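Data block below; observations after.
Convention: sequence-line order gives letters A, B, ...; per-chain numbering from 1. Just so it is clear, the model here is predicted, and its values are computed rather than measured.
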2 protein chains.
Amino acid sequence: MRPSDDRAVLEPVANEADLGLVDGLAQLTFAVHGVLARIAAANGLSVVQARLLGILRDRQPTINELAGFLQLDKSSVTGLVDRAEGRGLVRRARSTVDGRSVHVSITDSGRCLLDQATSAFGSEVADLVADLTAAQRDHLSVTSTIIVAADGRRRGTDIFAIEPSQTEP
Amino acid sequence: MRPSDDRAVLEPVANEADLGLVDGLAQLTFAVHGVLARIAAANGLSVVQARLLGILRDRQPTINELAGFLQLDKSSVTGLVDRAEGRGLVRRARSTVDGRSVHVSITDSGRCLLDQATSAFGSEVADLVADLTAAQRDHLSVTSTIIVAADGRRRGTDIFAIEPSQTEP
DNA sequence: TATTGTTATACTCTATAACTATA
DNA sequence: TATAGTTATAGAGTATAACAATA
């Protein structure tokens, strides 16, 4: 086994004792992302499409707001929404207060797909954390929340500061 | 605030108390993935290219083995390695024991880029977990390791069962 | 003038299927 | 025959730059 300071970010290592925070978070991210990708694919979606539907679950944001949520260029969001709309998963509606803006909302068909994917993801996560104790799971839930909140605050796209009703005037 | 059982996977919510394990892990994954994407982009890489370099840090796996690590089709890995090789970040070498196989290794240039990205990621993670207590960070490190190990075991691509020397005969 | 969204373009990433070369 | 890797093809995802419509 290599000493712990010989560990490398972004790569699997041969030390089961502890990956360390940096490698652990990177590997954890790849693992969960892989789960998301498999479930999305099983429902004919990409991870980003699934994430789009999740955001639209109880919001009707504009293209610009979606770009903020997803951290993508607005032109990328246009294409994303184009493809989802072409499959009947979302729809566009011109804003009544600003003729330049478009509000995107989820269709019944899209919501059905989202519910299926959501349910499957819940099951997979349960498997993923099966080796953790209940206390460890609670800890993970709390720390994840803290990190996500801090990250949103730092990026200026604080998800906790945005009520669904704010994006649907 | 909505009750906790009204939370939705894959989407931001307006409840700072606790996202729950499922949403928390999903959001955490998006946050860390976003950090990885930004750092990779700052170094002219995609997340997958950065991950490829990370895997090659102390291994010379075959295309097939890379496909297993990255959970991609081998044809996708061919293209991935093509582009990285075209940029001088990795190189191919025919296996001496099996004329069909190719071993991929990182170049000095690729390692330099990897080191920069690795360092930047470490800093960003430090910022990301700045709001956690030292104990919470330790907990997160341990639980991440457990989850990653279990996931690898379950997928049959247990990273802890693979010593670097095994992929370089 | 500034902002919102789209279009045009180009590249990366990915999978499927068919292929070549080796075992 | 089976396996390792590549190629051809097609589509999704992404960003930059230029554009139209609206504010």
Side-chain angles (χ1 to χ4, degrees), chain A residues 30 33-34 36-53 55 60-87 89-105 113 167 169, chain B residues 30 33-34 36-53 55 60-87 89-105 113 167 169:
Chain A
F30 294 143
H33 201 270
L36 285 167
R38 266 190 290 121
I39 290 170
N43 288 277
L45 298 169
S46 69
V47 172
V48 181
Q49 291 281 354
R51 200 176 165 196
L52 170 66
L53 295 184
I55 291 171
Q60 289 83 45
T62 65
I63 299 286
N64 244 348
E65 289 168 336
L66 280 174
F69 279 132
L70 297 168
Q71 295 281 286
L72 295 175
D73 189 88
K74 56 187 181 173
S75 67
S76 302
V77 176
T78 292
L80 204 63
V81 171
D82 279 348
R83 291 184 290 274
E85 194 174 30
R87 293 179 50 187
L89 303 177
V90 308
R91 77 174 74 81
R92 282 175 165 92
R94 205 92 225 174
S95 170
T96 53
V97 295
D98 186 338
R100 298 169 300 179
S101 293
V102 167
H103 285 274
V104 184
S105 58
L113 207 51
T167 60
Chain B
F30 294 144
H33 201 271
L36 285 167
R38 265 190 291 121
I39 291 170
N43 289 276
L45 298 169
S46 70
V47 173
V48 181
Q49 292 281 355
R51 200 176 165 198
L52 170 66
L53 295 184
I55 291 172
Q60 290 82 46
T62 65
I63 299 287
N64 244 347
E65 289 168 336
L66 280 174
F69 279 132
L70 297 168
Q71 295 281 287
L72 294 175
D73 188 87
K74 56 187 181 174
S75 68
S76 302
V77 177
T78 291
L80 204 63
V81 171
D82 279 348
R83 291 184 290 274
E85 194 174 30
R87 292 179 50 187
L89 304 176
V90 309
R91 76 175 75 81
R92 284 175 165 92
R94 205 92 225 175
S95 170
T96 54
V97 295
D98 186 337
R100 298 169 301 179
S101 293
V102 168
H103 285 273
V104 184
S105 57
L113 207 52
T167 59

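Residues passing the side-chain hydrogen bond (donor to acceptor under 3.5 Å, both in side chains) test with A:S75 are A:D73, sequence neighbours excluded. Taking A:R38 as the reference, A:E124 meet the salt bridge (charged side-chain N to carboxylate O under 4.0 Å, His left out) condition, with sequence neighbours excluded. The side-chain contact (heavy atoms from CB on, under 4.5 Å) check on B:S101 picks up B:T62, B:S95, B:D98, with sequence neighbours excluded.
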Atom pairs under 3.5 Å, N or O on each side, protein against nucleotides 17-23 of chain C: can you list them with distances?
residue : atom : partner : partner atom : Å
C:dA23  : OP1  : B:G99   : N            : 2.8

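Rounded to an integer number of Å, the gap from A:N64 CG to C:dT6 C1' is 12 Å. What separates CG of A:L80 from P of D:dT14 is a distance of 6 Å, to the nearest Å. Look at CZ on B:R38: it is 17 Å from C1' on D:dT14, rounded to the nearest Å. The distance from atom CD1 of B:I63 to atom P of C:dT14 is 14 Å, rounded to the nearest whole Å. Taking atom CG on B:L66 and atom P on C:dC13, their separation rounds to 14 Å, with Å as the unit. Distance CZ (B:R92) to P (D:dA4): 16 Å, rounded to an integer number of Å. Between A:L72 atom CG and C:dT4 atom C1' the separation is 17 Å, expressed in whole Å. Residue A:L70 contributes atom CG, which lies 14 Å from atom P of C:dG5 at whole-angstrom precision.
Under 4.0 angstrom from either OP1 or OP2 of C:dC13 there lies at least one side-chain N or O belonging to B:R83. Contact between the side-chain N/O atoms of B:S76 and the OP1/OP2 oxygens of C:dA15 is found at a separation under 4.0 Å. Note on A:Q49: a side-chain N or O is less than 4.0 Å away from OP1 or OP2 of D:dG13.
Between B:N43 and B:I39 the shortest side-chain heavy-atom distance falls below 4.5 Å. Proximity of A:V102 to A:R94: side-chain heavy atoms (C-beta onward) are separated by under 4.5 Å at one or more points. Taking 4.5 Å as the limit, every side-chain heavy atom of A:L89 sits out of range of all side-chain heavy atoms of A:L52.
Across all strands shown, B:T78 has heavy atoms under 4.0 Å from base atoms, whether or not it also approaches the sugar-phosphate.
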Return a table of donor-acceptor pairs under 3.5 angstrom between the side chains of residues 77-87 of chain B and protein atoms on other chains or two or more places apart.
residue : atom : partner : partner atom : Å
B:T78   : OG1  : B:K74   : O            : 3.2
B:D82   : OD1  : B:R92   : NH1          : 3.1
B:D82   : OD1  : B:R92   : NH2          : 3.0
B:E85   : OE1  : B:R92   : NH1          : 2.6
B:E85   : OE2  : B:R92   : N            : 3.2
B:R87   : NH1  : B:G44   : O            : 2.7
B:R87   : NH2  : B:G44   : O            : 3.2

